[in-house]
S.K.: 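So that we are looking at the same thing, I have put the structure below in structure tokens.
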Amino acid sequence: MPVAGVVPAAHPQQPAADLLVRNAKVFTGDPGRPTARAVAIRDGRVVGLGDDHDVAALVGPATKVVDALGRRVVPGLNDSHLHVIRGGLNYVLELRWDGVRSLRQALAMLREQAGRTPKGQWIRVVGGWTAEQFAERRMPTVAELNAAAPDTPVFVLHLYQSALMNRAAVRAAGYTRETPDPRGGQIVRNRDGEPNGVLLAAPSALILYSTLAKAPALDASGKRTSTRHFLRELNRFGLTSAVDAAGGFQNFPDDYATVIDLARSGELSLRIAYHLFPQTAGQELADLRRWTETVEPGDGDEWLRLNGAGENLTWAAADFENFTEPRPELAEGYEAEFEQAVRLLMENGWGFRLHATYDETIRRDLAVFEKLAAEGLFPGGNRWLFDHAETVTADSLERIAALGGAVSVQNRMSFQGSAFLARYGAAATAHTPPVRAMLDRGLTVAAGTDATRVSSYNPWVSLHWLVTGRTVGGTELYPASNLIDRETALGLYTTGGARLTGEQDVKGVLREGCYGDLAVLSEDYFTVPEAAIPDIESVLTVVGGRIVWASAEYEGLDEAVPPVSPQWSPVAHFGGYRSRGAHQALAMAEAVAESEEHRLWRAARGSGPVTPAPFTDPCFAH
């Protein structure tokens, strides 16, 4: 579709582009050519950059030309730690409170969903929110869940700290007076010993995961549709790649079958590099050995590829990040089995990633690596990294660098920072995690969200945290010395993630020969007020030259996806993340509801009219 200023060349000197985005403020991420006005893509790769007239020769009769209308264009975002595979399998079954700004509205959504959810199904609110985001600054109560949904099981996960269940969910999960507390978890009880609907990670989150796993799952077809819609939701925010960190209750190969099927049929709209995570304590070495004998990192293609092992290698080596609880003490002697796992991977050319929240865990792991370094296994050319690393120290960063490691940070503190601050104080919080120090040390650092069970999958919430050091509720966590500028933060979401998967030569920048992955933003990330960064979305997302998301003036240009199913899905009615426009509409609805409640209160006391006054528009009063 030609637009003003660009017309098909009569005799193009080179093959025409498939897609041209023009009239844009392009940030390329390439120091050699940091800006441009137009980007041309052919066969999935960038083939031209420059002003509109520089790329005009690449326009042919079949070229799709998109006018960016002066908007900001950035390289496609890459979440370096996202549970995208697991999240996709369940997305359409979840009621998302991501971005909802009042508990009143969250409970109204819950009440409305209860009226649509069929018997036998659960309502599940699974991460992406925190009490601090609500105007009321509190969590719901079990009583409020019971009132909103008296007969439909409701499970509400709050970070990795706790979960709330209504009476119907307690029954559906099979919890009774006789049910013992699992190791590291607590079933909170009434005085009579009966479960009261509160589950606590104390500090292990396995009680939360295992309870959620009792809810009904989708069939293979449903998982396929759910995953496509989750990927589309990620595309909505400009995400074009993600590194899947595996996680609990994500078995290989069974739970990977959906994305493998979508990759084979060319229906992935997000590039995924995935990891393999041993699921059963005591069986970790057997799993790792079997995987190293059957698959290897790099297997796959540019859309779906194996990246390595982790984020756990052995369960005994994993700490937990419930900041309302004291730091967990890991078992003595876990290093022996952990060393075997690391040795096996390094000797077979496998990279890995490690969940480590606290420096105490990182130091113990590094001691194992340094022992293996004496045998020449570190640095051995295999990519490896620590995930999270909230309390990592300067000394540990030096040791990580010496061993050739990297770090992937997530904005868990934007959701859990207030809890950390309350427990450990402002001085410790000021460098949790020390992102600026990591970069100053020269480490490869990438950013992500750890969605969907803690943080929201919205990357702009994470970028806001990196730039401002504030929680979603506005609490200031960091001094200026631990903040980074917007361009640096964006680099953690583009080139940083590409380095973790060894794709830095083709991904993360807009340069000729690199993947044609980009996002046209609703607002200019580099100039909007800091408070507006979380409200940014993409109006046009391109992956490999394919338009996978389009809104605003571009609505209808993207690829079609099947309708959300089942019909009662919360996503079918409410969608996913609650956008800025939705916030305004909800605020208006709440204001109207509160006004009506106040009128009824006054009427009941004889101080106001029993019936509301009719609405009169003066324009039509004559």
Side-chain angles (χ1 to χ4, degrees), residues 14-22 24-52 54-55 57-59 63-66 68 71-80 231 234-235 237-243 263 266 268-273 298 300-305 307 383 406 444-448 459 487-521 525-526 538 540-549:
Q14 55 181 308
D18 302 317
L19 176 69
L20 177 72
V21 178
R22 65 169 295 269
K25 292 184 292 187
V26 182
F27 172 77
T28 67
D30 179 6
R33 177 187 259 167
T35 63
R37 298 290 296 177
V39 182
I41 300 170
R42 183 178 61 244
D43 296 331
R45 304 270 184 146
V46 176
V47 294
L49 286 157
D51 292 334
D52 287 348
D54 296 329
V55 297
L58 295 172
V59 177
T63 302
K64 182 177 291 184
V65 180
V66 174
R71 289 189 170 100
R72 174 65 65 186
V73 170
V74 297
L77 303 188
N78 184 350
D79 189 321
S80 69
L231 300 185
L234 298 176
N235 297 149
F237 295 100
L239 281 163
T240 59
S241 291
V243 188
L268 286 180
S269 63
L270 188 86
R271 304 182 193 274
I272 300 173
D301 58 22
E302 63 190 52
W303 287 94
L304 182 67
R305 62 200 297 269
N307 197 52
R383 293 184 301 275
T444 291
V445 183
E487 183 174 335
T488 301
L490 185 62
L492 303 192
Y493 257 96
T494 53
T495 54
R499 291 191 185 102
L500 296 190
T501 57
E503 297 174 281
Q504 63 271 20
D505 293 334
V506 291
K507 185 187 287 188
V509 298
L510 293 172
R511 179 194 300 134
E512 291 181 10
C514 291
Y515 294 153
D517 301 350
L518 59 84
V520 182
L521 303 182
Y525 163 69
F526 293 109
S538 174
L540 190 86
T541 304
V542 176
V543 188
R546 293 164 45 198
I547 299 176
V548 297
W549 168 260

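When reading the values below, keep in mind they use all heavy atoms of this one structure, side chains included, and skip hydrogens, waters and symmetry mates.
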S.K.: Would a 4.5 Å heavy-atom cut-off, applied to side chains only, mark Thr63 and Leu58 as touching?
M.R.: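 In short, these two side chains do not touch, never coming nearer than 4.5 Å.
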S.K.: For the residue pair Ala24 and Val73, what are the closest heavy atoms and their distance?
M.R.: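 So the minimum-distance heavy-atom pair works out to CB-CG2, 3.6 Å.
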S.K.: So, do Arg305 and Thr501 sit near enough that their side-chain heavy atoms are less than 4.5 Å apart?
M.R.: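 Yes, side chains in contact.
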S.K.: So, taking the atom named CG in Leu540 and the one named CH2 in Trp549, what distance separates them when rounded to the nearest 0.5 Å?
M.R.: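 These two atoms lie 11.0 Å from each other.
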S.K.: Please round to the nearest 0.5 Å and tell me the distance separating atom CD1 of Ile41 and atom CZ of Arg546.
M.R.: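 Atom-to-atom, Ile41:CD1 and Arg546:CZ are 12.5 Å apart.
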S.K.: For Ala273 and Asn307, which heavy atoms make the closest approach, and how far apart are they?
M.R.: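 Scanning both residues, the minimum pair turns out to be CB-CB, 4.1 Å.
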S.K.: Are any of the side-chain heavy atoms of Thr495 and Val509 separated by less than 4.5 Å?
M.R.: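 A side-chain contact exists here, since the closest heavy-atom pair is under 4.5 Å.
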S.K.: Does the Lys NZ or Arg CZ of Arg72 fall within the cation-pi geometry relative to Phe526 - under 6.0 Å from the ring centre and within 45° of the axis?
M.R.: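 No, cation not above the ring by the 6.0 Å, 45° rule.
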S.K.: Do you know the tightest heavy-atom contact between Asp79 and Tyr493?
M.R.: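 Nearest pair, atom of Asp79 first, then Tyr493: CA-CE2, 4.0 Å.
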S.K.: Indicate yes or no: at least one non-hydrogen side-chain atom of Lys507 is less than 4.5 angstrom from one of Arg271.
M.R.: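 Side-chain contact under 4.5 Å: yes.
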S.K.: How long is the span from the CG atom in Asp505 to the SG atom in Cys514, to the nearest 0.5 Å?
M.R.: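 Here the interatomic distance stands at 7.5 Å.
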S.K.: Please report the interatomic distance CG(Leu492) to CD(Glu487), rounded to the nearest 0.5 Å.
M.R.: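 One finds 11.0 Å between CG of Leu492 and CD of Glu487.
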S.K.: Checking Leu490 against Phe27 for the side chain to side chain contact (heavy atoms under 4.5 Å, CB included) test, could you report, in this order, the C-alpha distance in whole Å, the side-chain angles of both residues, the deciding distance, and whether it holds?
M.R.: CA-CA 10 Å; Leu490 185 62; Phe27 172 77; 3.7 Å; yes
S.K.: Atom CG of Leu77 and atom OG1 of Thr240: how far apart are they, to the nearest 0.5 Å?
M.R.: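 These two atoms lie 6.5 Å from each other.
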